[in-house]
Amino acid sequence: MSDAGTDMGTDSRKIFGMKAKVPVATENHSENTHPSSTSNGLPGDILRNYTKKVGNYLIGRKLGEGSFAKVWEGLHTTTGEKVAVKVIDKRKIRKDSYVSKNMRREGQIQQMIRHPYITQLLDILETENSYYLVMELCPGGNLMNQINAKKRLDEREAQKYVRQLVMAVEQLHKKGVVHRDLKIENLLLDEQDNIKLIDFGLCNCAGILGYSDPFSTQCGSPGYAAPELISRKKYGLKVDVWSIGVTMYIMLTGTLPFTVEPFSLNGLHQRMVDRDMNPLPPSISSAAVNLLNRLFEPDPDMRPNIHQVMTDSWLQLGNPHTGVPYLNRIHIEEINHTVLLHMTEKMGYKRSEVLSAVLTNKACHMLTVYFLLNNKMKRLSKKYREKQYNMEKEKKSELFQTQWRKHIEKITIPPKQTPVYLAVSKGL
Ligand code: ATP
């Protein structure tokens with residue numbers, strides 16, 4: 001990562017818009033505390049949008065809701081940046097022994113992964129009744145909304161999103177993590193219209209976290225589930241490859257690839273093993289159809305793994321600009337030293353502790369501060385550069401106009417004379 005803010009001067013307080021020295025964060029897990037004027041000097045009209053305070057986060061509007069969790073927009077009081085806070089109601093999940101047993105797994109697995117197309121987990125908080133996962137906010141909404149609005153995506157657009165999804169899944173599979181719930185609803189969009197994979201509630205990781213019997217639990221949405229999952233066989237990472245196929249099909253058509261009327265799991269399974277996919281619009285390229293057929297291979301042993309999928313010609317991941325692999329951890333050379341200096345000198349954090357949290361991707365308050373300040377700095381630097389560029393452009397155009405005016409004024413127009421031929425015809 002480049003030191004993007006160096007052109008904005010060296011006073012980090014000026015860069016991050018912080019007036020006073022911020023104290024070392026303490027994790028106050030109190031619930032239902034109404035945000036007060038102590039929220040790092042944030043303006044009152046902003047605070048009005050938030051009704052509750054949990055630790056260093058003010059809780060605002062609801063962003064979405066799943067089976068076991070509600071997700072709220074949060075405001076990180078230390079940096080003034082927005083986040084998403086997933087709140088799992090421990091009382092509610094107690095009724096479901098599988099979910100309550102694996103409640104902490106989502107956060108543990110998400111900390112193992114760092115990727116631009118996967119939502120970054122920032123912090124984990126816990127109270128007696130709730131479990132909070134603080135994540136980066138995806139302000140672009142759900143990809144499903146886009147598909148619903150347009151009925152289906154243009155092939156080029158679908159290609160971009162599928163490519164990003166494949167890259168995200170490759171990172172998971174490299175770490176032995178199977179997502180098991182890949183679906184359009186779990187693909188959100190960021191400010192740059194790139195996908196962010198969410199919801200690691202059903203994912204699992206063989207061997208690494210020591211969970212027993214990881215690959216036989218039946219889970220996920222039937223429309224996206226691979227045939228081996230539906231038929232309750234032992235399965236592996238390739239169930240995600242099948243689900244990528246379903247997501248790609250929905251992007252291109254707006255409908256599911258395998259359906260049965262009336263619905264039955266046996267009927268659905270039969271259509272899958274018969275390779276009886278619903279028809280595709282004739283405008284879809286043969287390269288896309290070819291990839292779908294590869295992804296919908298009913299025999300998991302014959303189905304390509306994610307690395308083989310990456311070599312498919314439709315994805316064009318051989319392109320040096322799109323095929324660059326991402327490191328799973330921030331490397332020490334990538335550390336933003338302006339942010340690090342600000343955190344140690346102005347905020348009182350220990351340098352070794354900040355570095356340890358950032359380099360190991362440990363969800364905690366220090367990682368949150370680093371991640372949000374780094375993003376804030378990148379955003380403000382971009383705005384600053386754009387402003388400089390526009391000012392420069394304006395100055396140049398003004399200079400051009402004054403020089404042009406001077407040039408025009410210099411040109412003397414000769415007085416109007418009667419042409420010779422006219423003078424002759426008039427007998428002069
Ligand atoms: P499910 O029942 O599918 O397992 P869940 O209870 O695990 O869902 P999520 O799927 O993680 O919950 O989130 C529910 C909704 O909250 C999402 O569909 C999305 O609209 C919203 N949401 C989740 N994470 C974010 C985020 N990082 N930024 C913005 N909105 C989010």
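Atoms within each ligand, like the ligands themselves, are counted from 1 in listed order.
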Problem set entry | Option of least heavy-atom distance to atom 30 (N) of ligand 1 (set: L189, L133, L188) | L188
Exercise. Where the closest heavy atom to atom 12 (O) of ligand 1 is concerned, which of M135, K86, E65 has it?
Worked result: K86
Could you check [atom] against the protein and tell me its nearest heavy-atom contact, residue, atom and distance included?
atom                    : value
atom 27 (N) of ligand 1 : E136 O, 3.0 Å
atom 6 (O) of ligand 1  : G66 CA, 3.1 Å
atom 13 (O) of ligand 1 : V71 CG2, 3.5 Å
atom 2 (O) of ligand 1  : S67 OG, 2.5 Å
atom 17 (C) of ligand 1 : I198 CD1, 3.8 Å

For this session: Say whether K70 and ligand 1 are in contact under the criterion: heavy-atom distance to a ligand atom below 4.0 Å.
Result: no
Exercise. Are any of the heavy atoms in K196 under 4.0 Å away from ligand 1?
Worked result: no
Atoms of ligand 1 less than 4.0 Å from [X] heavy atoms?
X    : value
K183 : 3 (O)
F68  : 6 (O)
L63  : 20 (O), 29 (C), 30 (N)
N186 : 10 (O)

For this session: Hey, can you tell me if Y349 and H365 have their rings parallel, tilted or perpendicular (30° and 60° cut-offs)?
Result: tilted
Got an N/O contact under 3.5 Å between [X] and ligand 1?
X    : value
A84  : no
D199 : yes
T119 : no

Exercise. Got a sec: does the CD of E191 have more than 12 other heavy atoms crowding it under 6.0 Å?
Worked result: no
Exercise. Is the CZ atom of F263 crowded by more than 12 outside heavy atoms at less than 6.0 Å?
Worked result: yes
Exercise. How far apart are the C-alpha atoms of E155 and W314, what are their side-chain angles, what is the distance that settles it, and do they pass the side chain to side chain donor-acceptor pair (under 3.5 Å) test?
Worked result: CA-CA 10 Å; E155 189 171 327; W314 187 75; 2.8 Å; yes
Problem set entry | Side chain T311, main chain Q308, donor-acceptor under 3.5 Å | yes
Problem set entry | Side-chain donor/acceptor of E106 to backbone N/O of D199, under 3.5 Å | no
Exercise. Applying a 4.0 Å heavy-atom criterion (strictly less than), which segment of E106 is in contact with ligand 1: side chain, backbone, both, or neither?
Worked result: neither
For this session: Walk me through it: do F296 and F258 pass the test ring-ring contact (aromatic ring centres under 6.0 Å, His included)?
Result: CA-CA 10 Å; F296 291 142; F258 301 98; 5.1 Å; yes
Is any NZ, NE, NH1 or NH2 atom of the basic residue among [X] and [Y] found under 4.0 Å from an Asp or Glu carboxylate oxygen of the other?
X    : Y    : answer
R275 : E297 : yes
E136 : K82  : no
E81  : R379 : yes

